[in-house]
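Here is the structure we will look at.
Keep in mind that what you see is a predicted model, and the values were worked out from it rather than measured. Order of the sequence lines fixes the chain letters, A, B, ..., with proteins taken first and strands second; residue numbering starts at 1 for each chain.
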2 protein chains.
Amino acid sequence: MKADALRGHLDALLLAVLDDGPRHGYAIIEALQARSGGALSLPTGTVYPALRRLERAGYVESTWSTVGGRERRTYQLTTAGRKTLAAERSSWAEFTATIGAFLTPRPVNP
Amino acid sequence: MKADALRGHLDALLLAVLDDGPRHGYAIIEALQARSGGALSLPTGTVYPALRRLERAGYVESTWSTVGGRERRTYQLTTAGRKTLAAERSSWAEFTATIGAFLTPRPVNP
DNA sequence: CCTTCACGCGTAGCGAGTCTACGGATACCC
DNA sequence: GGGTATCCGTAGACTCGCTACGCGTGAAGG
C-alpha cells in the first residue's frame, strides 16, 4: 500500500482500534497489523506522536502502568473521542463514495 | 470533506477523469466538481502542478490550442497512463478494503 | 466606457503530518 | 553474554496539497 495514502485517516484508525477497548501503543500497532492481515505495519514514529496529538485534542486519555517491569502507557477513548470516531466513520463513508465514484473499476462498456 | 484526505489519490483521480477523454485543466476541475456533486472543488494551485507532474512522469501528454482567443492546454492519457490508472484502481480497492475494515460503521451490538 | 465576472494558464511558499533514523530501557531464552 | 521481543520516545527530512498571488482575454451589464 502506498505510504502516504493514510494521510488524514490515521487518527480515525487509532480511534477505531481503541473503540475495541483500551490499549497501549505497542498493542495498538500490533492490533492494526493483525486485523489488516499485515497490510498495516505502522512505525512507532508514526503512531506515538499521533497518540499524543489525540490526547492533546482530548479524544483519548492515558494512564501509566508497569507490567512485567515495563512501563506502559495505556490509552482509552474519551466521550469526545467516541463522538469524533462516529464522525470520522461517516466522513470515511462519504470520502470513499466520492472518490470511489471515479476510481472503482467500472465495467467496460459491452 | 477533510482537505488532506486526498493525499496520494489525486493523481489517480486526474487519470480517471482523463480516461473519459482528453480535457484541459479547467475542464478537469469542472468535471470533478460535476461528477462528485460539488464535493470535489479542487483549486487550480492543486490541479495544475499535479498535471505537470503527471506529464513529467509520462502518464499524460499535452497539446496547446486556442479556443475563442484563449489558450488551452489539453491533456490526454498515454498508454503508460492507462496502465497506471488500472493499477491505481486496484490499489484503491485494496486501500478501502484495508481501512474500511476498521472504519465502516459496524452494527452496534444489540 | 468601464467594471465585473467567467474563462484559462501558471508559480511561490506555507503547513500539516507521516516516515526514517535514532536513542534508551527491561525481560527472557539460548 | 548476546540476541530478540517488548515498550517508550524524539528530531529532522520530506512530500504534496493548499493558500495566495499574478497575468491575460472575452462577454455582459450598468
Side-chain angles (χ1 to χ4, degrees), chain A residues 1-15 17 22-34 36 39-57 59-60 62-75 88 95 98-99 102, chain B residues 1-15 17 22-34 36 39-57 59-75 88 95 98-99:
Chain A
M1 164 141 35
K2 285 235 297 284
D4 52 7
L6 273 194
R7 279 279 174 150
H9 308 292
L10 175 61
D11 292 7
L13 228 44
L14 297 176
L15 294 177
V17 170
R23 298 232 194 310
H24 59 284
Y26 196 84
I28 291 175
I29 294 175
E30 283 185 323
L32 284 166
Q33 210 163 347
S36 70
L40 280 175
S41 41
L42 305 182
T44 67
T46 293
V47 173
Y48 289 127
L51 287 170
R52 323 261 303 174
R53 211 168 47 230
L54 290 175
E55 187 167 26
R56 266 201 310 275
Y59 299 149
V60 301
S62 68
T63 50
W64 285 96
S65 59
T66 306
V67 176
R70 295 198 189 90
E71 296 278 307
R72 276 186 185 172
R73 187 169 185 163
T74 302
Y75 293 89
E88 294 274 20
F95 169 72
T98 304
I99 311 295
F102 295 91
Chain B
M1 165 143 30
K2 284 236 297 286
D4 52 7
L6 272 193
R7 277 279 177 148
H9 307 292
L10 175 61
D11 292 7
L13 227 44
L14 297 177
L15 293 176
V17 170
R23 296 228 194 315
H24 60 284
Y26 196 85
I28 291 175
I29 294 176
E30 284 185 320
L32 284 166
Q33 210 163 348
S36 70
L40 281 176
S41 41
L42 305 183
T44 68
T46 293
V47 174
Y48 289 127
L51 287 170
R52 321 263 302 175
R53 210 168 48 229
L54 290 175
E55 187 167 25
R56 265 201 311 275
Y59 299 148
V60 300
E61 283 169 350
S62 69
T63 50
W64 285 96
S65 60
T66 306
V67 176
R70 296 199 188 89
E71 296 278 307
R72 275 185 185 173
R73 188 171 186 161
T74 302
Y75 293 89
E88 293 275 20
F95 170 72
T98 305
I99 312 294

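Among the heavy atoms of the strands lying under 4.0 Å from A/G45 is at least one base atom, whether or not backbone atoms are also near.
Side chain of B/P43, nearest nucleotide from D/dG26, D/dT19, D/dG9: D/dT19. Residue B/P49 places its side chain closer to C/dT11 than to any other of D/dG26, C/dT11, C/dA27.
Both A/G69 and A/A50 lie close to DNA chain C; mapped to their nearest nucleotides by heavy-atom distance, the more 5′-ward contact belongs to A/A50. Position along DNA chain D of the nearest nucleotide to A/R72 versus A/T46 favours A/R72 as the more 5'-ward residue.
Rounding to the nearest 0.5 Å places CG of B/L6 at 6.0 Å from CG of B/L40.
In this model, the phosphate group of D/dG9 is approached by a side-chain N or O of A/R73 to a distance below 4.0 Å at OP1 or OP2. The shortest distance between the side-chain N/O atoms of A/R7 and the OP1/OP2 oxygens of C/dC19 is not below 4.0 Å. A sub-4.0 Å separation between OP1 or OP2 of C/dG10 and a side-chain N or O of B/R52 is present. Side-chain N/O atoms of B/Y48 include one lying less than 4.0 angstrom from OP1 or OP2 on C/dC9. Residue A/Y26 places at least one side-chain N or O under 4.0 Å from the OP1 or OP2 atom of D/dT6. Within the 4.0 Å cut-off from OP1 or OP2 of D/dC7, at least one side-chain nitrogen or oxygen of A/H24 is found.
Between the side chain of B/T44 and the base of C/dG8, no donor-acceptor pair under 3.5 Å is found.
Taking the six-membered ring where tryptophan is involved, the planes of A/F95 and B/F95 are perpendicular, since the angle between them exceeds 60° and thus also 30°.
Annotation for A/Y75: atom OH counts as buried by contact number, over 12 foreign heavy atoms lying within 6.0 Å.
Looking at B/E55, its side chain does come within 3.5 Å of a backbone N or O of B/S62 through a donor-acceptor pair.
Between the CG atom of B/L10 and the P atom of D/dG17 there is a distance of 5 Å, rounded to whole Å.
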